[in-house]
Amino acid sequence: MDNITIKIKKGGKFNDIVPEKLKDRIIAAKMNDKLYDLFDTAPENNDAELIDIHSGDGEKILLHSAAHLLANAITDIHKDALPNTSNEGEDTFYYDFKMDPISIEDFPLIEKRMEEIVKSNVKIEKSILNKSEILEIFKNNKYKIDKINTNVNDNDKSSIYRQGNYIEFCKGPHVPSTGYIMAFKLLSISSTNYEGDINKEKMIRIYGTAFPDKKALNAFLIRREEAIKRDHRKIGTEMDLFMFDNERAPGMPFYTPNGAIIRNELINYMKEINKSHGWEEVWTAHVFKDIIWKQSGHYGKYKNDMFLFQLQNGDNYGLKPMNCPGHITIFQRNVYSYRDMPVKYSEPGTVYRYEKSGEMGGLTRPRGFTIDDGHGFVRPDQVLEETVSLLKMVPEIFKTVLGTDEISYDLSIMDKNNPENYLVSYICNNCNAKFEMRAAVDELKCYNCGSSDLRVDFSMWDNATDNLREALKNLNLKYTEYPGEAAFYGPKIDIHIKDALGRSWQLSTIQLDFFMPVNFDLYYIDRDDKRVRPIIIHRAIYGSYERFIAILLEHFNGKLPLWLSPLQTYVIPVSENYNDYAVKINELLNKNNLRSRIDLSGETISKKIKLIRKMRPSYIIVVGEREKNSNTLSVRNRKDKTKEFEIEEFISNIKNEIENHKIDQIF
RNA sequence: GCCAUCGUAGCUCAGUCGGUAGAGUGGCUGAUUCGUAAUCAGCAGGUCGGGGGUUCAAUUCCCCCCGGUGGCUCCA
C-alpha cells in the first residue's frame, strides 16, 4: 500500500502531524529517503511520508522491532544470553545470540514472554548518547562492543533504544511501543558463526516473523505450510520424475521417463525461442584438458570445486564447470568481420561442479546440472540491441511456461570507488599504451614500458552499463540498481520471478564479460582493418533445468500445463466389459501423439482414480456403457470436474491446448 | 567444510531399555465386473546406509566413514 505524505516544518515532531484516526497504524516517517522515528523532529521544512505499518517500509520496521522483542524475551528468560545482531528478510527476521543451545520446544515459553511484553505495551524510546556512554551500557556484551566500535567514531554520538529493561544499540527506527507488534511467531532455529566466520564462535540463530495483524500472519503460515507440502522432492517421488542414487552418484539427478518428458519439452521450447531470436545451437564436450580451465581462469579460482582427474599417461582433465570456454573454442575456429557480429551460440549445456556436501539440495543445488546457456560474441555497439532482444525473450518465456507476469529486474553495476576489484582499462601516462587489468590480483604497472604511472579508463564499463540501463528503460521495465554488485568482469542484469506461493526466485541472468575475451584473445576485424575485442554476453533464461523444474513443480503443485504433463490422459474403463472401447480410445489418443495410458486392472473405478491421482494426470477419461453407445468420453479435469465430450471434439480441443502451450485446461 | 538432526520393505513410517524386525500402502495370485478419492482373501518383499569396536549375542551401545534434511559459509 502507499503511504500518505504531509508537509512538516523544521523542528516539528513527526508524531504531531499524524492524523488522529491513523495513530494506530503510522509507525515512522520518511524524509529525503531517510527513515525517522515518530518522536524525532524534522530536519527541514519538507514533505514527510508517514510510514504505515502495512507498507513495505512499515513491515520492515515491524520485523525489526519484533526481532528486538525476541531479544528482550530471550534475555529475560536466559539471563546470560548475549544478543548479537538481527536482520530482516522479506517476511522473516532472525536474531543471533551467544547462548546455550535451545530447541523449538522452548518456543512457547519465549513466545509467552514476548506476548506479555506486547500486552504491557512498553514504550520504545530512543536516546542519543556519547560513544563512551554507550560502551559503558554494553560493557558485558563483547559483540555489541565490536559493533559500537566499528559503527561509531570515538567522539561521535549514536542512538540506543530502550524498551523497559531491555536496551539495544541500534539506529532504528522502531514502532513507538511494543503494543504495535500484534501478530508474530517464532519459526525455526539454527546455528551460525559470529560474523559468518566459521572460525569464530557458534551462535544460536532464531527465526521469526511478524505481521500487522493476525490475518496476515495466518496467511503467511498457511503459505509456508503449503510450500512444505509442495516440496519438489515429494512431488518428484509421487509423479516418478527423477531420483538420486546417493551411493553411486551423489548430487547427480537421474531423470526417469516421466521426468525426461518434462525436461525435453522445456528444452524443445527453449530451442524454438533461441532459434527465433538468432541464437544458433551448438554442442560442446563435457571433458576438457585442464589447460582450457587454466586459460579461462576457472582453474585458479574454482579448482577445489571442479571435478579434475588424471589419466594413466599423466594427462590432466576436468569436467566442464561452465559452458563458455566450449563456446569460445567454437568461436575461435574462424576470423570474423565486424559484419559477422554478433555470433550467438546456445546450448542446453550440462556442467559439473563439486558442491560441498552441505551445499547440495535436491534439484535446486545438484553437482551436475544443465544450463539453458548462451554466449553472444558482440561488438560493443551491439550490447544495447542484444540486451533488448533478451529482455523481450524473458517475459515471453515466463508468461508461457509459468503463466506469470511478476518479474523484477536488478542491474548490478561497478563500485567506482574501488576500481581495483574490477577488470578495467588503464592508460599508461608514460607510453600511452592501453590495457585491461584487475589491480586487486595483478601488479598495477604498464605491460609495455613497466611504468606504474597509470590512469583508469572507465569508458568500457560506462558504455556497457549505460547500454544495459538503456535497454531496461527502452522497454519500460522497472528495475533496481545495485552499485558494487557487478562481477569483476562486467555488469549484469539479474531477473527474478515470483511463484504461486509468493516466493521470489532469481532465474535469468544477462551478464556482460570483458574478461574471457581478454583471456582467450578474442577479436573481430573492424571496418578500419584493426582487431577489436568483442564483449561476451553470458545469458540463461531458466537458469538450470534442474532448478527450474523444481520451481515449476512447486509453482503448479505438480499439476503442469498439458504440454508439459508427462501423463496427459488416463483412460479408465468402468469394468472389464468395456476394455475394448477403452483400448480403442487409448490407441486413438496415442495415435494423435498424446501421452495417454490405460488402466486395465480389475480394480474399482474409484480405486483407480485414487491411485493415479498422485501422478497428476491432466485428464482422466472414464468410459462405460453410456460412452460406448454414444461414442463419447466422460472427462475429469485437474480440478475434479467432469464433462462429456465427443471423441473428436475432445482430441482437437486438447491438441489445441498443447500447441498453444496453454496454462488453463479446456474446461 | 561447520553446527544440528536423521538413515528400518518400492513409498510413508512404527519398533527393539542388546536376543537377527512390524504396519499401512504399493507389487504378485485368486475371487469380485464395479460409474468418478481405497471390494475381499492369500502370497512374496528387509544381511535395519557402510566399516570397525564392546559383548555369549549389535539393527539397538561406542568410534569412524558415506549419504539425506534444516541452517551457516559458498554458488563462476
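Lettering of chains follows the sequences in order, A, B, ..., and the numbering in each one begins at 1. Values below: every heavy atom of this structure, side chains too, minus hydrogens, waters and symmetry copies.
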Span that lies between the [atom1] atom of [M] and that of [N], in whole angstrom:
{"N": "B:G45", "M": "B:C11", "atom1": "C1'", "answer": "13 Å"}
{"N": "B:A9", "M": "B:U59", "atom1": "P", "answer": "15 Å"}
{"N": "B:U55", "M": "B:U20", "atom1": "C1'", "answer": "15 Å"}
{"N": "B:C6", "M": "B:G27", "atom1": "P", "answer": "33 Å"}
{"N": "B:G30", "M": "B:G49", "atom1": "C1'", "answer": "38 Å"}
{"N": "B:U60", "M": "B:G52", "atom1": "P", "answer": "13 Å"}
{"N": "B:U5", "M": "B:C63", "atom1": "P", "answer": "13 Å"}
{"N": "B:G67", "M": "B:C56", "atom1": "C1'", "answer": "34 Å"}

Mind checking the [atom1]-[atom2] spacing from [X] to [Y]? Nearest 0.5 Å is all I need.
{"X": "A:L186", "Y": "A:Y95", "atom1": "CG", "atom2": "OH", "result": "14.0 Å"}
{"X": "A:I605", "Y": "A:I609", "atom1": "CD1", "atom2": "CD1", "result": "5.0 Å"}
{"X": "A:R233", "Y": "A:D231", "atom1": "CZ", "atom2": "CG", "result": "4.0 Å"}
{"X": "A:K492", "Y": "A:T465", "atom1": "NZ", "atom2": "OG1", "result": "13.0 Å"}

Look at all strands and tell whether [X] reaches a base, only sugar-phosphate, or nothing, counting heavy atoms closer than 4.0 Å.
{"X": "A:E627", "answer": "base"}
{"X": "A:T604", "answer": "base"}
{"X": "A:G362", "answer": "sugar-phosphate"}
{"X": "A:E603", "answer": "base"}
{"X": "A:Y489", "answer": "sugar-phosphate"}

Rounded to whole angstrom units, what separation is found between the [atom1] atom of [X] and the [atom2] atom of [N]?
{"X": "A:M203", "N": "B:C72", "atom1": "CE", "atom2": "P", "answer": "15 Å"}
{"X": "A:D240", "N": "B:G27", "atom1": "CG", "atom2": "P", "answer": "13 Å"}
{"X": "A:K607", "N": "B:G27", "atom1": "NZ", "atom2": "C1'", "answer": "11 Å"}
{"X": "A:F488", "N": "B:C75", "atom1": "CZ", "atom2": "P", "answer": "12 Å"}
{"X": "A:Y302", "N": "B:U73", "atom1": "OH", "atom2": "C1'", "answer": "14 Å"}
{"X": "A:R367", "N": "B:C66", "atom1": "CZ", "atom2": "C1'", "answer": "11 Å"}
{"X": "A:D245", "N": "B:G10", "atom1": "CG", "atom2": "C1'", "answer": "14 Å"}
{"X": "A:K614", "N": "B:U25", "atom1": "NZ", "atom2": "P", "answer": "14 Å"}

Worksheet item: Going through the distances and angles, do A:E347 and A:K320 end up as a salt bridge (Lys or Arg N to Asp or Glu O under 4.0 Å)?
Response: CA-CA 14 Å; A:E347 176 183 14; A:K320 62 173 166 182; 3.8 Å; yes
Discussion item. Check this for me: does the side-chain of A:R205 come within 3.5 Å of the base of B:C72 through a donor and an acceptor?
Written reply: no
Worksheet item: B:G1 base to A:E355 side chain: any donor-acceptor pair below 3.5 Å?
Response: no
Worksheet item: Where does RNA chain B form stems of at least three consecutive Watson-Crick or G-U wobble pairs, each pair having both distances below 3.5 Å?
Response: B:1-7 with B:66-72, B:10-13 with B:22-25, B:27-31 with B:39-43, B:49-53 with B:61-65
Could you please name the option among [options] that lies closest to any side-chain atom of [X]?
{"X": "A:I609", "options": "B:C74, B:A37, B:C34", "answer": "B:A37"}
{"X": "A:Y207", "options": "B:U36, B:C72, B:A38", "answer": "B:C72"}
{"X": "A:N246", "options": "B:G35, B:C75, B:G67", "answer": "B:G67"}
{"X": "A:R365", "options": "B:A76, B:G35, B:C74", "answer": "B:C74"}
{"X": "A:S606", "options": "B:U36, B:U32, B:A76", "answer": "B:U36"}

Item to complete: Step by step, work out the salt bridge (Lys or Arg N to Asp or Glu O under 4.0 Å) result for A:R438 and A:E420.
Response: CA-CA 6 Å; A:R438 189 178 173 210; A:E420 70 278 6; over 6 Å; no
Discussion item. Taking the nucleotide of RNA chain B with the nearest heavy atom to each, does A:L611 or A:K356 sit closer to the 5' end?
Written reply: A:K356
Worksheet, complete the sentence: Contacts of A:R233 and A:R636 projected onto RNA chain B by closest heavy atom; the upstream (5') one is A:R636
Worksheet, complete the sentence: Its glycosidic angle compared against 90° from 0, B:G22 adopts the form anti
Fill in: Parallel, tilted or perpendicular: rings of A:F645 and A:F667 (30°, 60°)
tilted
Worksheet item: Is the charged tip of A:K628 near the ring of A:Y578: under 6.0 Å from the six-membered ring centre and within 45° of its axis?
Response: no
Worksheet, complete the sentence: What one should report as the nearest heavy-atom pair of A:L512 and A:A464 is CD1-CB, 3.5 Å
Practice prompt. Taking atom types as modelled, find out whether A:S565 and A:S618 have a side-chain donor-acceptor pair closer than 3.5 angstrom.
Written response: yes
